[in-house]
Amino acid sequence: QVQLVESGGGLVQAGDSLKLSCAASGRTFSSYAMGWFRQAPGKEREFVAAISGSGGRTRYADSVKGRFTISRDAAKNTVYLQMNSLKPEDTAVYYCAAGKGPFIATYIAGYDYWGQGTQVTVSS
């Protein structure tokens, strides 16, 4: 089992930056990819970014490419999502997830453990 605890959400203005963290425990950190998803009110949960178990590969949704950066720190068993140039449409609950293996997945079924979510609100 993997336990995931997110932090770092909040209320910011458009154009601001925010950094989310997700601390993982319970399984060898490098053995699984990590992903960030988000869910806005009335919408389905969508893929945001993912990083491979080794940290060598990353993937981003087109909507965040160039603005968001995913990274992981093996020493801290933590994955981060640096969000720059935030827009009101980035408002959502952000979830981190642990993958079923070391390779990146961009779909929900590719992850079997989820955090509780952290709210990000971007005002215009």
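Because the structure is a prediction, the values reported are computed rather than measured. Worth knowing before you read on, the calculation uses all heavy atoms, side chains too, and leaves out hydrogens, waters and symmetry mates.
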To the nearest 0.5 Å, what is the distance between [atom1] ([X]) and [atom2] ([Y])?
X	Y	atom1	atom2	value
Arg59	Ile51	CZ	CD1	13.5 Å
Thr121	Leu86	OG1	CG	10.5 Å
Ile108	Phe47	CD1	CZ	11.5 Å
Arg27	Gln3	CZ	CD	10.5 Å
Ser54	Arg72	OG	CZ	8.0 Å

(request) Report the residues that fulfil side-chain hydrogen bond (donor to acceptor under 3.5 Å, both in side chains) with Ser30, sequence neighbours left out, ordered by chain and then residue number. (result) none

(request) Count the heavy atoms belonging to other residues, nucleotides or ligands that lie under 6.0 Å from CD of Gln116, then report whether that count exceeds 12. (result) yes

Which pairs would a plain distance check flag for residues 9-19, meaning a side-chain donor or acceptor within less than 3.5 Å of a matching protein atom at least two apart in sequence or in another chain?
unit_1	atom_1	unit_2	atom_2	d
Asp16	OD2	Gln13	N	3.1
Ser17	OG	Asn84	OD1	2.9

(message) Contact between Leu20 and Met83 at the side-chain level, heavy atoms closer than 4.5 Å - yes or no?
(response) yes

(request) Decide yes or no for Phe29 and Met34: does some side-chain heavy atom of the first lie under 4.5 Å from some side-chain heavy atom of the second? (result) yes

(message) Please check: side-chain N/O of Arg57 versus main-chain N/O of Ser52, any donor-acceptor pairing under 3.5 Å?
(response) no

Can I get a per-line list of side-chain donor-acceptor pairs under 3.5 Å for residues 91-105, giving both atom names and the distance, sequence neighbours left out?
unit_1	atom_1	unit_2	atom_2	d
Thr91	OG1	Pro88	O	2.9
Thr91	OG1	Val122	N	2.9
Thr91	OG1	Val122	O	3.4
Tyr94	OH	Arg38	NH1	2.9
Tyr94	OH	Asp90	O	2.6
Lys100	NZ	Ala109	O	2.8

(request) Answer yes if the ring centres of Tyr32 and Tyr113 are under 6.0 angstrom apart, and no otherwise. (result) no

(message) Taking the six-membered ring for Trp, are Phe68 and Trp36 closer than 6.0 Å centroid to centroid?
(response) no

(request) Report the C-alpha separation of Tyr60 and Ile70 in whole Å, then their side-chain angles, then the decisive distance to 0.1 Å, and conclude whether the side-chain contact (heavy atoms from CB on, under 4.5 Å) test is met. (result) CA-CA 9 Å; Tyr60 298 92; Ile70 188 170; 3.5 Å; yes

(message) Count I, L, V, M, F, W, Y as connected when their side-chain heavy atoms are under 4.5 Å apart, and connections chain through other members. Are Val120 and Val79 then in the same cluster?
(response) yes

